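Right, one structure below, let's go through it.
Keep in mind that what you see is a predicted model, and the values were worked out from it rather than measured. Throughout, a chain's letter reflects where its sequence line sits, starting with A, and its residues are numbered from 1.
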2 protein chains.
Amino acid sequence: MSEPTNLGYALLGLVHQGPKSGYDLRKVMAETALGNYSSSPGAIYPALARLEKEGLVIGKEDRSTSLRPKKVYRPSAKGRKVFTAWLSREVTGDDVNRHLDELMLRFAFHDVLDDRAATHRFLKELARQLQVFVTELKSQRQRMSASMPLQSRLALEAGIEQASASLRWARKALRYFRDERAEE
Amino acid sequence: MSEPTNLGYALLGLVHQGPKSGYDLRKVMAETALGNYSSSPGAIYPALARLEKEGLVIGKEDRSTSLRPKKVYRPSAKGRKVFTAWLSREVTGDDVNRHLDELMLRFAFHDVLDDRAATHRFLKELARQLQVFVTELKSQRQRMSASMPLQSRLALEAGIEQASASLRWARKALRYFRDERAEE
DNA sequence: TCGCACATGTAACGTGTTACATGATTCA
DNA sequence: TGAATCATGTAACACGTTACATGTGCGA
């Protein structure tokens, strides 16, 4: 029915790396940068329940250890399809502007695609859109900096620096996914 | 009763720059980087209503132009106090990790404080915490990069680059707020 | 036996998103 | 007269936060 949230996609991505229980997932979320998408039980467990209800993951009770039975999740065929479709989505200007975190999340799981050309395209488009974004921010600075207090101007500067850093990163990352046949 | 959200603080900050209607605020939000905190009427108008209910802003009907009366907001004394208290809050490690956006929002409005020493302290602490954060990310990279797919490793790298860019920016910005008497 | 890590959930709450609704004023 | 802009809102909905609840197995 409805689309997973970023948290949902993060969880779906993690179970692609091997079957995991809710508790396992919580730990990974808490210990890595993925923690930005929350690691609290009040978010994780309902998110898993939603993924299961939508048929994107399959949960199996596991009593192998005599512990309280834990539920281990793995992606379903549909889950794999939805996930790779998400990974393969076009990179839009709006994404770069407002949802850069989601783009980075997608990139972090791009190995699931196992398609160097697709990742190359992703980074290429990301770099292009970041370039546009940086240019926009700079023209905003030019237009408005005279009328802004020093602090606001510097805050805008911070945005420019961060976006520029992302752009440099994307260009550097591109080198790792250059296609074998020189493709441009 | 309850604390304003980032959107609430953004609006409260904007009315410090001069009385503004909901529509004015929507325009500013839509046209600037503040747009990250939403510019949709379904967010702005309820947020303003909350600020008014909490006594942080005062809304006045304005019929000066014969238009449909528009409501113009300005901060109350309490609103100014709450706002400056927010601006003056300590910079914590958790903030840097998960709420860097809020820190930048606070900095962008720091001119309201009109206190160079306070802004200097803010940036100093921000730089310190960013340094800690970058170090943490780098040690995470060291510990885990061997077991991660190339893409995840690069995504972590992106986080490091962004945080480093913020750190460089904070150090540069510090120079603008050096206290007159050399204070360290 | 005491506390900690393991393990899974629920309930209330606030808020942002999307979509809808309404109406005045200005200009072509 | 019709469209664009000014101007303010409401309602349904989904989701994350916080806090709570419950119980197991293990090591000191």
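The CD-P distance, from A/Glu102 to D/dC15, rounds to 14 Å in whole Å. Atoms CG (A/Leu51) and C1' (D/dG16) sit 15 Å apart, rounded to a whole Å. If you take OH of A/Tyr73 and C1' of C/dA7, they are 12 Å apart, rounded to a whole angstrom. Between the P atom of D/dT8 and the NZ atom of B/Lys27 lies a distance of 10 Å, rounded to the nearest Å. At whole-Å resolution of the value, NZ in A/Lys53 and C1' in D/dC15 are 12 Å apart. Taking atom CD1 on A/Ile44 and atom C1' on C/dC6, their separation rounds to 16 Å, with Å as the unit. The CD atom of A/Glu31 sits 14 Å away from the C1' atom of C/dC6 (whole-angstrom rounding). Rounded to a whole Å, the OH atom of A/Tyr45 is 16 Å from the C1' atom of D/dT18.
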Test salt bridge (Lys or Arg N to Asp or Glu O under 4.0 Å) on B/Glu161 and A/Arg168 and set out the steps.
CA-CA 9 Å; B/Glu161 292 301 331; A/Arg168 282 194 305 273; 5.4 Å; no
Apply side chain to side chain donor-acceptor pair (under 3.5 Å) to residues B/Thr92 and B/Gln129 and explain how you reach the verdict.
CA-CA 7 Å; B/Thr92 72; B/Gln129 297 287 3; over 6 Å; no
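Inspection of the A/Arg80 and A/Ser76 side chains reveals no N or O donor paired with an N or O acceptor under 3.5 Å. For the 3.5 Å distance criterion, the side chains of A/Glu136 and A/Gln140 fail to qualify, holding no donor opposite an acceptor. Remark: the B/Tyr9 side chain and the B/Glu3 side chain contain an N/O donor-acceptor pair separated by less than 3.5 Å. For B/Gln151 and A/Arg106, the side-chain atoms include no donor-acceptor pair closer than 3.5 Å.
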Give the B/S/- string for nucleotides 13-19 of chain C, one per nucleotide from 5' to 3', where a protein heavy atom under 4.0 Å of the base yields B, of only the sugar-phosphate yields S, and otherwise -.
--SSBB-
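Scored by the ring pair (Phe, Tyr, Trp, His ring centres under 6.0 Å) test, A/Phe83 finds A/His16, A/Trp86, A/Phe109 as partners (sequence neighbours excluded).
Residues from residues 15-24 of chain B placing a heavy atom under 4.0 Å of any atom in DNA chain D, listed by number, are B/Ser21, B/Gly22, B/Tyr23.
For the pair A/Trp169/A/Leu174, no side-chain contact is recorded, criterion being any heavy-atom separation below 4.5 Å from C-beta on. Considering only heavy atoms from C-beta on, B/Pro46 comes within 4.5 Å of B/Arg50 through its side chain.
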